[in-house]
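Encoded as structure tokens, the structure appears first; notes follow it.
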Amino acid sequence: MSLVFCFTGVWGWKRGENTILEAPLLNGSARNGVESEKPVRGDETVTPYANAGIYSLFTFSWMGPIIALGSKKTLDLEDVPQLDSLDSARGAFPILNDKLESYSGGSNQVTTIMLVKGLLFTAWKEVLLSALYVLICTLASYVGPYLIDVFVQYLNGRRDFANEGYLLVFAFTVAKLFECFGQRHWFFKVQQAGYRARAALVAKIYNKGLVLSCQSKKGHTTGEIINFMAVDAERIGDFGWYMHDPWMVVLQVALALMILYRDVGLASLAAFAATVLVMLANVPLGKLQEKFQDELMKSKDKRMKATSEVLRNMRILKLQAWELSFLSRIQELRSVETRWLARYLYTTAITTFVFWGAPTFVSVVTFGACMLMGIPLESGKILSALATFRILQEPIYNLPDTIAMIVQTKVSLDRIASFLSLDDLQPDVVEKLPSGTSDIAVEVVNGNFSWDVSSPSPTLSDINFRVSQGMRVAICGMVGSGKSSLLSCILGEMPKLSGVVRLSGTKAYVAQSAWIQSGKIEENILFGKEMDRQRYNRVLEACSLNKDLEILAFGDQTIIGERGINLSGGQKQRIQIARALYQDADIYLFDDPFSAVDAHTGTHLFNECILGLLDSKTVIFVTHQVEFLPAADLILVMKEGKIKQAGRYNDILSLGSDFMELVGAHEEALSAIDSISVEKSRSSANDKPVLQRQESRRNGSDTLDDIGETKAQLVQEEERGKGNVGLSVYWKYIRTAYGGLLAPFALLAQILFQILQIGSNYWMAWATPVSEDETPPVGGSTLILVYVALSVGSAFCILGRAISVVTITYKTANILFNKMHLSIFRAPMSFFDSTPSGRILNRVSTDQSTVDLNMGIIALFAFAVIQLLGVIAVMSQVAWQVFIIFIPVIAICIWLQRYYISAARELARLCGVSKAPVIQHFSETLSGSITIRSFDQEPRFRDISLRLIDGYSRPKFNTAGAMEWLCIRLDVLSLMTFVFSLVLLVSLPEGFINPSIAGLAVTYGLNLNMYQAWVVWNLCFMENRIISVERILQYTSLPSEPPLVIESNKPESRWPIQGEVDIQDLQVRYAPHMPFVLRGLTCTFFGGKRTGIVGRTGSGKSTLIQTLFRIVEPTIGHILIDGIDISSIGLHDLRSRLSIIPQDPTMFEGSVRTNLDPLQEYADEQIWEVLDKCQLGDEVRKKPEKLDSAVSENGENWSVGQRQLVCLGRVLLKKSKVLVLDEATASVDTATDNMIQHTLKNHFTDSTVITIAHRITSVLDSDMVLLLDNGLLKEYDAPQKLLEDQSSMFTKLVAEYSMRSSSSAENISNL
């Protein structure tokens, strides 16, 4: 019978093997975490499990095809079939959602109990079926211990009827079969239920993230919210394993007591008392574990929050030479985490000791009670009792795990329930009227709005305005006056205190900070709409994107890195605008999108988009560019959260001061160009300006025109190891802590434990009589004393083993963490540009957690092997013939395991790789939720999320199926060994062997399948877990930047004194196979002078700055600062002496003080002085905590302009000799821009200031202007000189700017 199972199981699928997996099942669904929108072929091929027959389900043969395929080729996601509809997120999520909604009765509150009931309902069939299997398995497992006494008496010569021996063998065999099959199906069903619950829960968390109000978001950072999905939901899914343990323990203890009562009478009460005692000992340990686990999770959240912020802003950290101080910040957070980790792990070690000692303790108490009560001990009964204790060991041993898991799951459920109970956006903020039903497009009546509902003063107050269909409305005002907030209240994003907001028609929104999805440019522009080629081309033309797409190697099929990392600020903005235009909405809201582009492009966008394509639409735009205001039908002037003035341009210009302030500042900036008359500017503007666009590229994006050479996308698919995890990974892991010295101690302790344990059982079997009428070989007290001595020895071996394993785990986890983080922080910027942060976060959270908590599995595997060898040694003592079958059986087992492992390993790797896209999509959704909602795209994003969740569940489900496929076959094979030895014992003539020792062999043989499965299960689990170590090791050896400090060549502390930058024949390229971006630049930026750099997109402006900071190393040529070659000194020495105000103003979570002075080098007085200089002093003084006022993630609670002023403050504090401004005033109004320029002029009189600018006025008062074109220096002279030459490129550029502004200049001159 066993052979039939085995052979049909292994070879039975050959017939249908090719029918199911012939075609790839998914055409590359999760590329770079972005799903293709085309219907996937895999949707037609559902897992064979869905249609499998009874026999196939019973033996798991439905897994055959994929395992066979895996043994022939490396499995990819497209080889893994789709899930049955009930197991998929699409099927499970609605069930959970409906239940939660019906429980909460329409309110937002979700309690832990509701969540538990909802999840149980999602998988109730699997839960009930698995409970049935648990029952069958438990009942069958006690048949063996019950029959052992009968078997020993039979061998001793007591025969009750003919063929009794063979009947006994049959009973043993059938019971074992039921036990095996029950267990396998129980394990599979609980995993299936777990995956289904996890998928539904992740989908629920995703949907919640999509509708969270801004207020709720403030309490939870993106990192924390992602942890709910990545860690907590995962843990709840894993709880299935432990679900039935609580009632199973009760059943097992009851069955055990019945058997013990038959064997040892009233002494069984002592056994019961001892069992209860052991279980109670677990309560305080469990509580400690819960506390430590909870603290561990909290500290991990904090670390992940800091890590994700650092990864987002790595460029700034490198430019400012702050990366190591931020690394030490993360290491401090980690050291708090490791304190809790150590406590948690060592508590686990004590728990392990208590529970491995449990069966021994219970048996000592029971046999001692027998001696005291005078109950005679016979070897048959003792062996029956020992077999019972061994079965009892499993639930008692698992109890701490179960309690810990219940505790962890409860913590996770509480966390998720409280997250799901957070406030959503108020749905009724905006009254939505259908398109075309009203002449009014937007109306706000008596509106009062506040970001913080509890705050006494609202953010916006007394807002009243009405916008008719087709009107153009401009919103202007100083930095921080509430312009962006006004758009937020129209979108319904801002909590409404009172008033009415009405909106008629569909809307599209362009945010101030561009939000771009990772994926193709085309997908970003279409944003879920069907392709209409004619409209698409019109939009590209209007947003002047055609030129950019020509530069890119893959055109609009180029894959954009995370957050648009491989695009310049202007390109991102224009793609955003294109996305809005393509939607063809009724109402358009623009939040200052022209700030990130240069003069020419800004005018083009305004004319083509707002005055052109959107001529008939309602457009509301925030702008700092005064020259766009005359085109508006209505201008709203904001100040301190109120609309101070409203009307047309000329009307309000004649009225009042606030508007004049803005216009006057603009006029002042323009007066610098008075040297050119308007006529001249018009004539020169007609000579088609050469500098079409001079928008700068950040983020190494000058590389884009070179990528064409290699035809390689910037963001590559995540690498995953293929084939065997090499032994070298295990070897590295073992040798990481203490050079591997502790590992032999752990092994030795386990071997000693095994010897002492077998010795104690052997002693009990040998030293007690087989039947009552025999005299015992030793006295009762000797019997118990020797047994106790051997048992105590074995218990101490376990303690030594547990502590050494925990020490190795803890030490190794810390060493790997530090190595990986140092390697990441020292990696060059190109690594971060091409690696989505989700990928790095996955390694530092999920993989690091595995290494922290689960790598004891390597030790468990070694211990399982030692135990299996012990069992075989005992069995062979009685009948060496057992080797005749054991050796071939083991050979088949090893072959099966090798056959299965190639598929299983790739499935495990696919689980790792397909988790990142789920997390990345979620984090993108969180950061772009306002844009997604404003386009009403929530359903599409939910759909993508469900598809990605299923992409992760598919390999998980098949991993579980493959595991049981293997185990059921191994169980049947080990059963063959056991049955063979039983038949052998029954067939031997009476008296040929010692019945007691034969009974001992059978006692051990009962657990043979468990030990054998345990070895293979641990081996597979270990191979899956070691992948996390492999992934972390990959990140410990990333290529590194040049050294931070070169001791032999440190510049003196006052360097640079002059600040003279001398560039000699500078040639730069981003990779050896790419063309040069800078092609032989030679010039000198004079010390203490101001130099402006201008040039069109891709001319190499940003590359020059990046080379100055050695973000990119010069290929040929040198840059000298005060005569020192910057390539010859350490990076830290170089970057810490230069200052930069970057294009994207960055603030970190923390306080105002830590943002201005992260390294804590300056006194409070200096910080206040700087705040006053950059006009933030009053703003900060208003706040109750002053310098300790909180700054939220990304500085979200400060306006973009204010963030820019904080960056200015950093520079003023540092007072470097060389200062670089990278389009630093793009996101502020003209008045603030003038103020920044004025401040810099006053405080950096003797510094070298290098400016890349969009506003020509920013460079007009420079001492020198450098004009770059295509990597070559075209013009370099004083701006006055260049302007005198009518044919110079610079003159044409200035003419263009003044022409654009002339309309408003004329309006001003009319006053």
Side-chain angles (χ1 to χ4, degrees), residues 221-223 226 303-331 333-334 513 516 518 560-569 572 697-701 703 714-715 817-818 820-845 916 920 923-924 927 1035-1036 1038-1042 1044 1070 1102-1103 1105-1113 1131-1132 1134-1136 1138-1150 1154-1155 1158-1159 1193-1195 1203 1207 1210 1220 1222:
T221 60
T222 311
I226 286 171
R303 170 173 68 82
M304 287 310 300
K305 193 163 139 183
T307 309
S308 67
E309 185 174 51
V310 163
L311 292 176
R312 259 199 318 275
N313 301 313
M314 188 54 90
R315 180 173 298 275
I316 300 295
L317 298 186
K318 286 195 177 296
L319 288 170
Q320 305 275 15
W322 288 344
E323 68 265 51
L324 285 194
S325 84
F326 275 75
L327 171 61
S328 64
R329 226 179 256 189
I330 284 174
Q331 284 169 336
L333 290 169
R334 169 70 180 175
S513 302
I516 302 284
S518 43
I560 302 174
E562 191 181 23
R563 303 190 314 280
I565 200 105
N566 44 343
L567 298 176
S568 73
K572 284 194 278 194
R697 283 231 184 147
R698 304 173 304 111
N699 298 354
S701 49
T703 55
L714 176 83
V715 180
F817 177 91
N818 289 333
M820 168 168 69
H821 277 70
L822 183 63
S823 176
I824 290 172
F825 275 69
R826 291 288 292 115
M829 206 53 229
S830 55
F831 168 74
F832 298 96
D833 288 347
S834 59
T835 310
S837 62
R839 214 176 271 179
I840 304 174
L841 287 173
N842 210 0
R843 283 199 174 49
V844 299
S845 68
Q920 194 186 334
S923 77
E924 274 186 351
S927 57
Y1035 271 30
T1036 56
L1038 297 171
S1040 170
E1041 284 189 307
L1044 292 176
Y1070 282 90
S1102 284
T1103 305
I1105 298 304
Q1106 292 193 61
T1107 315
L1108 182 61
F1109 280 85
R1110 285 179 64 197
I1111 296 285
V1112 186
E1113 293 288 331
L1131 284 184
H1132 189 275
L1134 169 69
R1135 291 172 185 168
S1136 60
L1138 309 178
S1139 284
I1140 182 165
I1141 302 185
Q1143 181 179 11
D1144 280 355
T1146 307
M1147 285 177 82
F1148 301 95
E1149 189 166 0
T1154 56
N1155 264 287
L1159 309 184
E1193 191 178 16
N1194 288 338
R1203 282 180 242 166
C1207 293
R1210 286 179 193 150
V1220 176
D1222 186 358

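Keep in mind that this is a model prediction, so the values were computed, not measured.
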Item to complete: Check step by step if side-chain contact (heavy atoms from CB on, under 4.5 Å) holds for Ile316 and Phe326.
Response: CA-CA 11 Å; Ile316 300 295; Phe326 275 75; over 6 Å; no
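- A 4.5 Å side-chain heavy-atom check between Phe1109 and Val1220 finds at least one atom pair inside the cut-off.
- Judged as a side-chain hydrogen bond (donor to acceptor under 3.5 Å, both in side chains), and not counting sequence neighbours, the contacts of Glu1113 are Arg1110.
- Interatomic distance, CD of Glu1149 versus OG of Ser308, reported as 9.0 Å (0.5 Å rounding).
- The shortest distance between side-chain heavy atoms of Phe832 and Arg315 does not fall below 4.5 Å.
- Taking CD of Gln331 as the start and CG of Asn818 as the end, the distance is 5.0 Å to the nearest 0.5 Å.
- Note that the OG atom of Ser845 and the CD1 atom of Ile226 stand 9.0 Å from one another [nearest 0.5 Å].
- The CG atom of Leu1108 sits 7.0 Å away from atom CG of Leu1134, with the distance rounded to the nearest 0.5 Å.
- Of all heavy-atom pairs between Arg303 and Ile330, the closest is CG-CG2, 4.4 Å.
- A pairwise comparison of heavy atoms in Met1147 and Glu309 identifies O-OE2, 4.2 Å as the closest pair.
- Across Asn1155 and Pro1158, no two heavy atoms sit closer than the pair O-CD, 4.1 Å.
- Scored by the side-chain hydrogen bond (donor to acceptor under 3.5 Å, both in side chains) test, Ser1136 finds no partners at all (sequence neighbours excluded).
- Annotation: salt bridge (charged side-chain N to carboxylate O under 4.0 Å, His left out) contacts of Arg1210 (sequence neighbours excluded): none.
- With a 4.5 Å cut-off on side-chain heavy atoms, Leu311 and Val844 do not count as touching.
- One distance of note links CD of Gln320 with SG of Cys1207; it measures 8.0 Å at 0.5 Å rounding.
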Return all side-chain donor-acceptor pairs below 3.5 angstrom for residues 821-829, not counting sequence neighbours, or 'none' if the list is empty.
| unit_1 | atom_1 | unit_2 | atom_2 | d |
| --- | --- | --- | --- | --- |
| His821 | ND1 | Phe817 | O | 3.1 |
| Ser823 | OG | Tyr1035 | O | 2.9 |
| Ser823 | OG | Leu1038 | N | 3.2 |
| Arg826 | NH2 | Glu1041 | O | 3.2 |
| Arg826 | NH2 | Pro1042 | O | 2.6 |

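- In this view, Thr307 satisfies the side-chain hydrogen bond (donor to acceptor under 3.5 Å, both in side chains) rule with no residue, not counting sequence neighbours.
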Worksheet entry | Glu323 vs Leu1044, side-chain contact (heavy atoms from CB on, under 4.5 Å): CA-CA, chis, key distance, verdict | CA-CA 11 Å; Glu323 68 265 51; Leu1044 292 176; 4.1 Å; yes
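- Put simply, the side chain of Lys318 does not reach to within 4.5 Å of the side chain of Gln1106, judged on heavy atoms.
- Between the CZ atom of Arg329 and the CG atom of Leu324 there is a distance of 12.5 Å, given to the nearest 0.5 Å.
- Partners of Arg334 according to the salt bridge (charged side-chain N to carboxylate O under 4.0 Å, His left out) rule, which considers only residues two or more places apart in sequence or in another chain, are Glu337, Asp852.
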